[in-house]
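Computed from heavy atoms alone, side chains included, the values below leave out hydrogens, waters and symmetry copies. A note on names: the letters A, B, ... follow the listed sequences, proteins ahead of strands, and every chain is numbered from 1.
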Amino acid sequence: METTASSTADESPLVLLVQPLFPEFAAALAGRYRFVLAADADPAAAAEARVLLVPGLAPVTAQHLARLPALELVVGTSAGVDHVDLDTCRNRGLSVTNAGPAFAVDSADYAVGLVVAVLRRVAAADAYVRRGRWAADGDYPLATKVSGKRVGIVGLGNIGSRVARRLAAFGCAVSYHSRSPKPSSPYTFVPALLDLAAGSDVLVLSCALTDETKHMVNREVMEALGKDGVLVNVGRGGLVDEPELVRCLRDGVLGGAGLDVYANEPAVPPELFGMDNVVLSDHRAVVTPESMRGVLEVITANLDAFFSGRPLVSPVQL
Amino acid sequence: MPEQRLQDIASAVLRRGRDARRSPARGQLTAHSELTLPNAASAFHLSHVDDSLAHPPHNDQPLPPRTHHNHLPPSVPAAAMESLGVLLLHPMNAYLEQELDRRFRLIRLWDSPPDARADFLRSNAAAIRAVVGNAGYNADSALIDALPALEIVASFSVGIDRVDLAKCRERGIRVTNTPDVLTDDVADLAVGLAIAALRKIPQADRYVRAGLWKAKGDYTLTTRFSGKRVGIIGLGRIGLAIATRVEAFDCPVNYYQRTKKEYPNYTYYPSVVELAANSDVLVVACPLNEQTRHIVNREVIDALGPKGVLINIGRGPHVDEPELVSALVEGRLGGAGLDVFEDEPNVPEALFTLDNVVLVPHVGSGTHETRQAMADLVLGNLEAHVLKKPLLTPVV
């Protein structure tokens, strides 16, 4: 058979991309799959594509999905998949995978880092030193102890269970709230979020954002957590009623917060910038080379499994 | 009550009234117009301590509510406590100061201007039988020499590197510190600093507050904390508490100390350099003494390397600070989390522009809960001394 350059077929499976891959990913996956940007796909590719890969948190809407009649699988590269229209996926019988397990460790580490940073005022004290205030104004005011605090974890999944283990080692008493109790977990299950907040000094959010969990942390929950209570969010900004959070912090209804996620990133409510009892972060909890490698492994594992007809590695329950 | 005793109490009350009138800026002491017998120690109520005129303000916030007013068992003469002259070296804690004033005879070193200190000490020397110091200000050789009646040094700290222990032993002066009650706080901070340094938490906070987070896709790559090899210099109370915490992050634990002990899960290294060479995070958690001064030197810093992170929750002099600073500035050391410095409160300004260091102003035990517990330990040790009971936490 005669072969020419133009007819050298790329036998790699076709994978459409919602947006370009991170350079690191593109390099690692080059040659294994044929990547085409969905927006650039010609009609043949759009008609043929069975897999859509979603780098970052690019939205995947019903419109996107409607253009791909042969689609069977949406591969997420993040822990949360609330940026994907899951209803449409469910209706069409599509599978969706996330990269949750890859991020769990770094998310949990970061959540613990935020808990300590807020309670012990690490970021504020660091700023104090850098402004020369230790020499000028004397010692930094006393903070509050981390050990022994009652910690309530919302969502005891991959991330939450790791947060629990870490904070238990700090001597914290750990309880949790989730859709259903985990019988194998040594921690105390609290069926109502409000009760968990009332009985906790620190509330850590590590659950998925869904219609049920949107704004679950509202004024009532923050009041229950209280004037000495601290909220740490490494889940999604949408879990919290953000304007209410700002009011509660401003008015001393809530004692403090450590936030890696916000309702409308990268916008962060500027009223928070003057508060010492708040630690702000730019959604970097999972941005480590180790997580990136983990994500790559999970994506590759899911893609390989799909194209060889084996069970998916990290399917999301729709 | 015997006449002489009444006289003693009366003298004590009058003397305190005179002291109060002499230094009104120190606070308002409300003298009872009549003697209150039999417990003259509670005759004065310290309503407010305001030292802002004299020196930097207390770092602690409003005093905790007084849950009990008199620790003394009914059989103990208040006069015995009352007669213990206690020299407090620094306004380190409002609750401690209040209680020292209430239970004993408190003399505040900072009541005298620095240039009149020698005279001040001389005129109070006969009365001073106890000294309360802390990490920064303690009973050094010169002070001990100036206080011939000194019987006990009760430090508001666990580290007593600034107490002349040899001289205390020589003179039969007891020394107490505050171990255990601050172990958790210091260990919590050590691990918190390590995560903050590796994940650049304060830097993220600065970045966001400066309005620099412009695009959702902006990202700063930092390295994972879990699984990093943690090397601890000194596996004492604090070192072990750090080990327990980092084990929950699946960090392998290595250590160095003078004597190897059998820890099934921790790997011993016979030198600090070897410990550093085999660790990603090196934590200083040993006491400061002649052997451990500059235990982290150039060689150790080089062994820790451009990806290594140093955490110091011990004492500034544990580390060769100029070497540390140049290593960080030049990138020969990956990062640091520092709670202590060689010349507190002065911190090398070259560190202020670095994003891979976390700097905190000696806050290792700086929580309300722990400072209260430390103060109670100091007070308990002093009371035990007066009552001739075993000291609670003696070092000498």
Side-chain angles (χ1 to χ4, degrees), chain A residues 56-57 105-106 108-110 112-117 119-130 132-135 137-148 162 165-171 260 265-266 268 270 272-273 278-285 287-292, chain B residues 55-61 184-185 187-189 191-193 195-196 199-202 204-209 211-227 244-250 344-347 349 351-352 358-363 366-371:
Chain A
L57 300 171
V105 170
D106 286 324
D109 288 355
Y110 207 78
V112 174
L114 286 177
V115 170
V116 180
L119 289 175
R120 296 295 298 271
R121 298 285 190 268
V122 175
D126 179 282
Y128 188 84
V129 172
R130 283 174 204 252
R133 294 188 61 190
W134 192 13
D137 299 337
D139 284 337
Y140 192 77
L142 296 182
T144 184
K145 204 168 163 166
V146 172
S147 292
R162 286 173 171 84
R165 179 181 167 217
R166 284 150 174 71
L167 287 175
F170 278 73
D260 189 45
E265 296 168 18
V268 176
L272 301 178
F273 293 176
V278 171
V279 176
L280 302 170
S281 171
D282 53 345
H283 203 159
R284 68 167 58 178
V287 184
T288 67
E290 294 88 349
S291 270
M292 299 289 133
Chain B
H55 45 66
H58 285 281
N59 60 10
D60 29 21
Q61 300 312 305
D184 283 334
D185 260 0
D188 290 348
L189 184 71
V191 181
L193 285 176
I195 301 174
R199 302 303 310 275
K200 300 200 166 88
I201 293 179
D205 185 82
R206 284 195 295 276
Y207 183 75
V208 172
R209 284 172 203 253
L212 295 172
W213 190 23
K214 300 278 196 238
K216 205 167 163 180
D218 275 354
Y219 61 93
T220 302
L221 215 54
T222 57
T223 184
R224 170 172 295 184
F225 173 69
S226 278
T244 302
R245 283 155 177 73
V246 302
E247 282 187 290
F249 294 79
D250 294 323
E344 297 172 14
N346 300 306
V347 176
E349 289 190 15
L351 298 176
F352 291 178
V358 180
L359 307 166
V360 289
H362 206 150
V363 293
T367 66
H368 293 283
E369 299 93 334
T370 292
R371 291 288 167 86

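- Among all heavy-atom pairs drawn from A:Arg120 and B:Gly366, the shortest one is NH2-N, 4.0 Å.
- The two residues B:Ser226 and A:Arg166 come nearest to each other via the heavy atoms OG-NH2, 2.7 Å.
- Contacts between B:Val246 and chain A at a heavy-atom distance below 4.5 Å are absent for every atom of the residue.
- By the salt bridge (charged side-chain N to carboxylate O under 4.0 Å, His left out) test, A:Glu290 pairs with B:Lys228, sequence neighbours left out.
- Neither the backbone nor the side chain of A:Leu167 comes within contact range of chain B; no heavy atoms are under 4.5 Å apart.
- Of the listed residues (B:Glu344, B:Arg206, B:Arg245), the one with the most heavy-atom contacts under 4.5 Å to chain A is B:Arg245.
- Using a 4.5 Å cut-off between heavy atoms, A:Val278 contacts chain B through both its backbone and its side chain.
- Heavy-atom pairs under 4.5 Å with chain B were tallied for A:Ala143, A:Ala168, A:Gly113; the largest tally goes to A:Ala143.
- Contact of the B:Pro361 side chain with the A:Asp139 side chain is not registered, since no non-hydrogen atoms from C-beta on lie closer than 4.5 Å.
- For the pair A:Arg130 and B:Phe352, the cation-pi test (distance below 6.0 Å, angle within 45°) is failed.
- Minimum heavy-atom separation, B:His368 to A:Leu142: NE2-O, 3.6 Å.
- Contact annotation for A:Val116: only side-chain heavy atoms (C-beta onward) come within less than 4.5 Å of a heavy atom of chain B.
- For a residue to count as touching a neighbouring chain, one of its non-hydrogen atoms must lie under 4.5 Å from one of that chain's; by this rule A:Ala117 touches chain B with the side chain only.
- Of the atoms belonging to B:Glu349, not a single heavy atom falls under 4.5 Å from chain A.
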Run the numbers on B:Asp250 and A:Arg162 for side chain to side chain contact (heavy atoms under 4.5 Å, CB included), then give the verdict.
CA-CA 11 Å; B:Asp250 294 323; A:Arg162 286 173 171 84; over 6 Å; no
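- Of the atoms belonging to A:Tyr128, it is side-chain heavy atoms, and not backbone ones, that fall under 4.5 Å from chain B.
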Would B:Thr223 and A:Thr288 satisfy side chain to side chain contact (heavy atoms under 4.5 Å, CB included), going step by step from the backbone distance to the final call?
CA-CA 5 Å; B:Thr223 184; A:Thr288 67; 5.8 Å; no
In sequence, state the C-alpha distance, the side-chain angles, and the governing distance for A:Lys145 and B:Asp185, and then conclude on salt bridge (charged side-chain N to carboxylate O under 4.0 Å, His left out).
CA-CA 6 Å; A:Lys145 204 168 163 166; B:Asp185 260 0; 5.2 Å; no
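- No other option in B:Thr222, B:Ile195, B:Asn346 has as many heavy-atom pairs under 4.5 Å with chain A as B:Thr222.
- With a 4.5 angstrom heavy-atom cutoff, B:Leu212 does not touch chain A via any of its atoms.
- In this structure, the portions of A:Val146 lying under 4.5 Å from any heavy atom of chain B include both its backbone and its side chain.
- The side chain to side chain contact (heavy atoms under 4.5 Å, CB included) with A:Asp126 is formed by just one residue from the set B:Ile201, B:Asp205, B:Val358; it is B:Val358.
- Note: A:Asp109 CG to B:Arg224 CZ = 7.0 Å, rounded to the nearest 0.5 Å.
- Residue with the most contacts toward chain A among B:Thr220, B:Leu193, B:Val191: B:Thr220 (heavy-atom pairs, distance under 4.5 Å).
- Using a 4.5 Å cut-off between heavy atoms, B:Val208 contacts chain A through both its backbone and its side chain.
- Between chain A and the options B:Leu189, B:Thr370, B:Thr244, heavy-atom pairs under 4.5 Å are most frequent for B:Leu189.
- Taking each heavy atom of A:Ser281 and B:Trp213 in turn, the nearest pair found is O-CZ3, 4.1 Å.
- Both the backbone and the side chain of B:Phe225 come within contact range of chain A, with heavy atoms under 4.5 Å apart.
- Shown here for B:Lys200 and A:Arg284, the closest heavy-atom pair between the two residues is O-NH1, 3.1 Å.
- Of all heavy-atom pairs between A:Thr144 and B:Glu369, the closest is OG1-OE2, 2.6 Å.
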